[in-house]
Amino acid sequence: MTESSISRRSLFKMGGLAAAGIAAGATLGACSPAGGSDDKGAATDATTAQATTGTPAAGNAATSSWRTPPAEVTDFVNEYDYEVVCVGHGYAGMCACRELAESGKKVALIEVQAEDTYTATGNESAALNSKLLDRFDIPHVDPVEYYQNWMAMTQNYPNGELVMKFCQNMGEANDWYYSVLSEDELATMTSHGWPSTEHRLTAVGPFKFYPGTATFEAEGVKQTQILTHNREAAKALGADFYFETEAQYLVMDNGAVAGLVASTPEGNVKFNCKAVVVATGGFCNNNEMLADLIPDMIGNFVEGEEVAPEGGNGISFGRGIQMAYWAGARLEQISIPTMNGKHLDPPTNRTNVPQAVWLDSNGKRFCNEFFPAVEHRGVPTIYRERQDIHCVFDSDILTYLEYCVPQHGTFNPTESALEGVAKSMEVARAKFEGTYDESKAEEFRAQVNVTACADTLEGLAEQIGLTGEAAKNFVASVERYNEFCKTGVDTEFGRYKETLFPVVNPPFYAATGTSNMGKIMCTVGGIITDGEQNALDANFRPIPGLYVSGNDCGRRFGNEYFTPTPGVSLGMAITLGRECGRSVKAFLEA
């Protein structure tokens, strides 16, 4: 059994609802979770909906057992009273909790992880216009321009109120979030993609990209410690924290939040409260929910492909979305966006070579290789046979690699990164010439793994195994692409003029690989809310006391995650988490 197929309930060793032996599909009491829709799912165990081994076929509401709410619990080992409970110790939940504590509210935060082994996911946050990044002299950006670009890139799908709050407040929110750090800790911060380079692109076609990221990854303080510092700041203001506590369902009273039921290693507990902030981090480890809510991911798998969560701490089973849905909240009806789930990795992974020309095993181009958003670049490969893809370029590639945009997963043309590519090219050349000595090979790390080299295009086709018609197509495709580079107009796939880099100066190189689908970092949506992050019901009316933030909150991205600035996921969670705390405060004081 894989780690991702283990239910969180197993960590409690039959504690909580599992120990209670609740029957599936039992009749719900007056204060138990309300049904989320008219869809009738199959009976399910009342504890955490498990991720399954392997990958199910894309499903629908009628066959998804997770949609069936659990039965009411009446036996508790403890009962607590608070004004508000935040569910999840991620960025959004923590920021909402700290903001509420600073506002003088009686707030608790519950987290399924144990305190001594608590770990966070991620290392960088978009922090445009922050004083934090002024130390790097990163230019400030007009929030309205940033908003307009965001909405254009997402076809106006997101909730404009939420996106504008993010654009207007991310600088202030990041300054607040990182204010818990000492000067020595802040000194370890870097910024992704800054300082800029001579050839850095700030736009590709009509789409703009902006540097402005607070990065904590190489050495020094990490986000786990930063979140811990924020927790201590909230505790000093009176907030309470409950670890090894897994939310189970919301207690509703006449359509309004009245509390929360959770399980612990000792048994079931109940929190009485007027508001709940749901921020449990999505459902990338729940295959049943993925099949139900992201059919354009699982529905496009071919034989041998399955879900393979890449990141996180293995606890994103979707309980937050489940709870909100059971309480009557409306789900996003588009396929919920993911981070890296709805595309195939190009041959050299997400750092790929968009400056090259990409050819399939028939020697033909098949897409705009330099589509602006790196997260969307590999989408065309979903709908193609899984076969080798060849990124083809010439000896000027080290210069062309400097033409990139500041976004997540983009090749960063630092001196060391370019040196790694150069060494990879040298190895490919030595192998072609027959002078490569494996015993004397120098170890190095290259973000672009060059696999073949030749002095002619015909020779390169032979090196990568193309023969006959495919080899002829290969040469013709590159020559046709080179004509587009001369005219500045790509009549095949519309690649923008500023990203057309010819393949004319020998020797020629290729980076070859076979793409596959199923890797996923996280899901980034689920529950429809208003601009206050108040969950909406079937009639798009706010559910009193139910708030959803972070990766459980829908309508923040488009069909898929994207990064006009590296770190927008954490930056948005920090910003809208704090804004959610402000919204809950206003609700409690109304």
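Numbering of residues begins at 1 and proceeds along the displayed sequence.
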Side-chain heavy atoms of [X] within contact of [Y], under 4.5 Å:
X      : Y      : result
Met94  : Tyr177 : no
Leu133 : Met189 : yes
Thr575 : Gln168 : no

Under 6.0 Å between ring centres: does that hold for Phe216 and Tyr178?
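Centroid distance Phe216-Tyr178: below 6.0 Å, so yes.
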Ring centers of Trp150, Phe562 separated by less than 6.0 Å:
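Yes, close enough.
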Is the backbone of [Y] close enough, under 3.5 Å, to the side chain of [X] for a donor and an acceptor to pair up by distance?
X      : Y      : answer
Asn534 : Pro542 : no
Glu288 : Ser65  : yes
Gln113 : Thr119 : yes
Glu560 : Pro337 : no
Asn286 : Phe317 : yes
Asn169 : Ala173 : no
Thr338 : Cys522 : no
Ser316 : Gly281 : yes

Determine, for Trp176 and Arg98, whether the Lys NZ or Arg CZ falls below 6.0 Å from the six-membered ring centre while staying within 45 degrees of the axis.
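Yes, Arg98 sits over the ring of Trp176.
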Quick one: does NZ or CZ of Arg67 land under 6.0 Å from the six-membered ring centre of Tyr325, within 45 degrees of the ring axis?
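Yes, a cation-pi geometry.
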State the [atom1]-[atom2] distance between [X] and [Y], to the nearest 0.5 angstrom.
X      : Y      : atom1 : atom2 : result
Met517 : Glu306 : CE    : CD    : 13.5 Å
Gln223 : Asn230 : CD    : CG    : 9.0 Å
Glu102 : Cys97  : CD    : SG    : 10.0 Å
Leu100 : Cys580 : CG    : SG    : 8.0 Å
Thr264 : Asn78  : OG1   : CG    : 7.5 Å
Cys95  : Arg582 : SG    : CZ    : 11.0 Å

Is [Y] paired with [X] through a side-chain N to carboxylate O contact shorter than 4.0 Å?
X      : Y      : answer
Glu589 : Lys105 : yes
Glu172 : Arg578 : yes
Glu115 : Arg231 : yes

Looking only at the side chains, is there a donor atom on one of [X] and [Y] sitting less than 3.5 Å from an acceptor on the other?
X      : Y      : result
His229 : Glu185 : yes
Asn174 : Ser125 : yes
Thr563 : Glu375 : yes
Trp66  : Asp292 : yes
Ser335 : Asp296 : yes
Asp240 : Tyr82  : yes
Gln248 : Arg319 : yes
Asp552 : Thr280 : yes
Glu111 : Thr245 : no
Thr565 : Gln407 : no

Only one of Gln533, Glu532, Arg555 forms a side-chain contact (heavy atoms from CB on, under 4.5 Å) with Leu162, so which one is it?
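Exactly one pass, corresponding to Gln533.
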Does NZ belonging to Lys274 count more than 12 external heavy atoms closer than 6.0 Å?
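No, the 6.0 Å shell around NZ holds no more than 12 heavy atoms from other groups.
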Passing option when Phe271 is tested against Tyr249, Tyr242, Phe76 for ring pair (Phe, Tyr, Trp, His ring centres under 6.0 Å):
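That would be Tyr242; it is the only one of Tyr249, Tyr242, Phe76 passing the ring pair (Phe, Tyr, Trp, His ring centres under 6.0 Å) with Phe271.
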